[in-house]
2 protein chains.
Amino acid sequence: MAAQKGKLYLIPAPLGEGAIHTLPAYVIEILHGLNYFIAERAKTARHFIKDTEPVKAFSELHFSELNKRTEPEELRPMLQPALDGHDMGLLSEAGCPGVADPGARIVQLAHEQDIEVVPLVGPSSILLALMASGMNGQSFAFHGYLPPKRPDLARELKQMEQLSGRHKQTQVFIETPYRNQGFIETALETLRPDTLFGIAADLTLPTQYVATHPVNFWKRNPPPDLHKRPAIFLIYRPFK
Amino acid sequence: MAAQKGKLYLIPAPLGEGAIHTLPAYVIEILHGLNYFIAERAKTARHFIKDTEPVKAFSELHFSELNKRTEPEELRPMLQPALDGHDMGLLSEAGCPGVADPGARIVQLAHEQDIEVVPLVGPSSILLALMASGMNGQSFAFHGYLPPKRPDLARELKQMEQLSGRHKQTQVFIETPYRNQGFIETALETLRPDTLFGIAADLTLPTQYVATHPVNFWKRNPPPDLHKRPAIFLIYRPFK
């Protein structure tokens, strides 16, 4: 008889230093019961686990790395501990695994292997930004990163604006933090004056900044310096 | 000099009975410091607050109701306590306020009135379902409810399937719980055999059920009875 399979727990991580209070206690409890982890980066994962004050020695913990460079044939062996009956944890660099990170690949494989997948509650910058935006939360789309080059970016922003207007759908995206300022400039030059533009930066951190205004308001009242601060941007055009 | 304005805290609620452990402790602490609430239904809000074991008497707490039937002119007075310097809490029936509920209207008004909006971490069935689906979490769209009538539903499901294939975008939606079974039947009849179909029901509850499989797998292995169980559905077609 085959041993019962372990579960794959999807364990959210804080969005930055000093934000461990945003994790529910049950997540930490489950985390402390696990010996096998799949993480985007083992170093960050160890750092996070250390912050949760585990009782176990690190020598008992096993880490596999799953990132953009992971080849398809490397995925299957990562789930071997679960097939052998051990519960496992999937961790992202920050926030919820499987959302805006490469974790979904291993979750899909877990379903194929009939391993139970258990998502746990924790911080997601995308969801927090959407809640805080005041934009439509009954219809929204997340697009990840927009193109970095200015003409391409402007074209995509225009497309998102049209999409939002047509479907009353909030458009959500991220930018590499060192590009935030250039991104905001392009957005304010490109979008219509009455389109709503939302910014959510440093979510759950002491420096958290959240605001939604029409583009023409932002032009008169520029946002604070967001250089190198993790940020989510949102567009909404609730007009015919 | 005007008094400093209060903040509007966006307070997540559990997704069902007995799931209060999914809330981080800091959310409960902030909740216990508030006297003014805006809730989809005051009765549910009181029930939830009672479960958090508050020290205060309920007679000190003030509730405004914000739901689908709330008229635009009723919104502004709801924020008066914040303008008078009191922190306020916005609560949904279940999960995160402002997402798949009418709360976004008051958040938008808060931004207009320059009231600080503070989103707090907690359970969202949409996000948990997405994490657990193993589908693309780098591009996804939430559409709320699909049309109830079968021919309209089938047409929309087909559109979502095409959208997913074209943009590698996960499509997420909900159904009224008593319609789940009919919805699943229509979906399995309408979608292509190799399209991935995900089901996430009773999230965070002891009866939680999560699975993603191709449509032809589901046809051979039907899901459990989901009648009247809150569920999220997902479609993904990661093929050219």
Side-chain angles (χ1 to χ4, degrees), chain A residues 10 12 19 21-27 96-112 116-124 126-145 167 169-170 196 198 200 203-204 208 210-213 238, chain B residues 10 12 19 21-27 96-112 116-124 126-145 167 169-170 196 198 200 203-204 208 210-213 238:
Chain A
L10 312 184
H21 65 281
T22 57
L23 292 173
Y26 89 115
V27 173
C96 291
V99 182
D101 82 355
R105 296 168 68 193
I106 203 83
V107 177
Q108 197 179 330
L109 194 60
H111 284 296
E112 279 175 39
E116 191 183 343
V117 174
V118 186
L120 304 180
V121 173
S124 157
I126 299 165
L127 190 85
L128 290 164
L130 179 70
M131 290 164 70
S133 69
M135 299 180 189
N136 193 1
Q138 317 217 32
S139 176
F140 59 90
F142 173 69
H143 301 279
Y145 294 95
H167 303 292
Q169 187 184 54
T170 304
L196 289 174
L203 283 160
T204 72
Q208 174 167 294
V210 162
T212 291
H213 297 293
Chain B
L10 312 185
H21 64 281
T22 58
L23 292 172
Y26 89 115
V27 172
C96 291
V99 182
D101 80 358
R105 296 168 68 192
I106 203 83
V107 177
Q108 197 179 330
L109 194 60
H111 284 296
E112 278 175 40
E116 191 183 341
V117 173
V118 186
L120 304 180
V121 173
S124 157
I126 298 165
L127 189 86
L128 290 164
L130 179 69
M131 291 165 70
S133 70
M135 299 182 190
N136 193 1
Q138 318 218 31
S139 176
F140 60 89
F142 173 69
H143 301 279
Y145 293 94
H167 303 292
Q169 187 184 53
T170 304
L196 289 174
L203 284 160
T204 74
Q208 172 166 295
V210 161
T212 291
H213 296 292

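If you're wondering where the values come from, they're calculated on a predicted model, not measured in any experiment. Protein chains get the first letters and strands the later ones, always in sequence-line order, with residue 1 at the start of each.
With a 4.5 Å cut-off on non-hydrogen atoms, B:Val27 does not touch chain A at all. In this structure, chain B has a heavy atom under 4.5 Å from the side chain of A:Gln169, while its backbone stays farther away. Contact annotation for A:Thr204: only side-chain heavy atoms (C-beta onward) come within less than 4.5 Å of a heavy atom of chain B. Only the backbone of B:Met135 comes within less than 4.5 Å of a heavy atom of chain A; no side-chain atom from C-beta onward does. Heavy-atom distances place the backbone of B:Leu23, and not its side chain, under 4.5 Å from chain A. For A:Ile106, no part lies near chain B; criterion is any non-hydrogen pair under 4.5 Å. Residue B:Ile126 touches chain A through its side chain alone, counting heavy-atom pairs closer than 4.5 Å.
Residue with the most contacts toward chain A among B:Pro119, B:Pro123, B:Ser133: B:Pro119 (heavy-atom pairs, distance under 4.5 Å). Listed options B:Ala141, B:Ala132, B:Ser139 were ranked by heavy-atom pairs under 4.5 angstrom with chain A; first place goes to B:Ala132. For the set B:Gly98, B:Ser124, B:Ala104, the count of heavy-atom pairs under 4.5 angstrom toward chain A peaks at B:Ala104. Between chain B and the options A:His143, A:His167, A:Gln108, the largest number of non-hydrogen pairs under 4.5 Å is found for A:Gln108. Between chain A and the options B:Gly122, B:Gly103, B:Gly137, B:Ala200, the largest number of non-hydrogen pairs under 4.5 Å is found for B:Gly137. The choice from B:Gln208, B:Glu112, B:His213 that makes the most heavy-atom pairs within less than 4.5 Å of chain A is B:Gln208. Annotation: maximal heavy-atom pairing with chain A below 4.5 Å, among B:Pro12, B:Ala110, B:Pro97, B:Gly144, occurs at B:Pro97.
Of all non-hydrogen atoms in B:Met131 and A:Leu120, the two that sit nearest each other are CE-O, 3.6 Å. The heavy-atom pair separating B:Val99 from A:Phe140 by the smallest distance is CG1-CE2, 4.1 Å.
Distance check: B:Phe142 CZ to A:Asn136 CG gives 9.5 Å after rounding to the nearest 0.5 Å.
Residues forming a side chain to side chain contact (heavy atoms under 4.5 Å, CB included) with B:His111 (at least two apart in sequence, or on another chain): A:Val210, A:Thr212, B:Val107, B:Val117.
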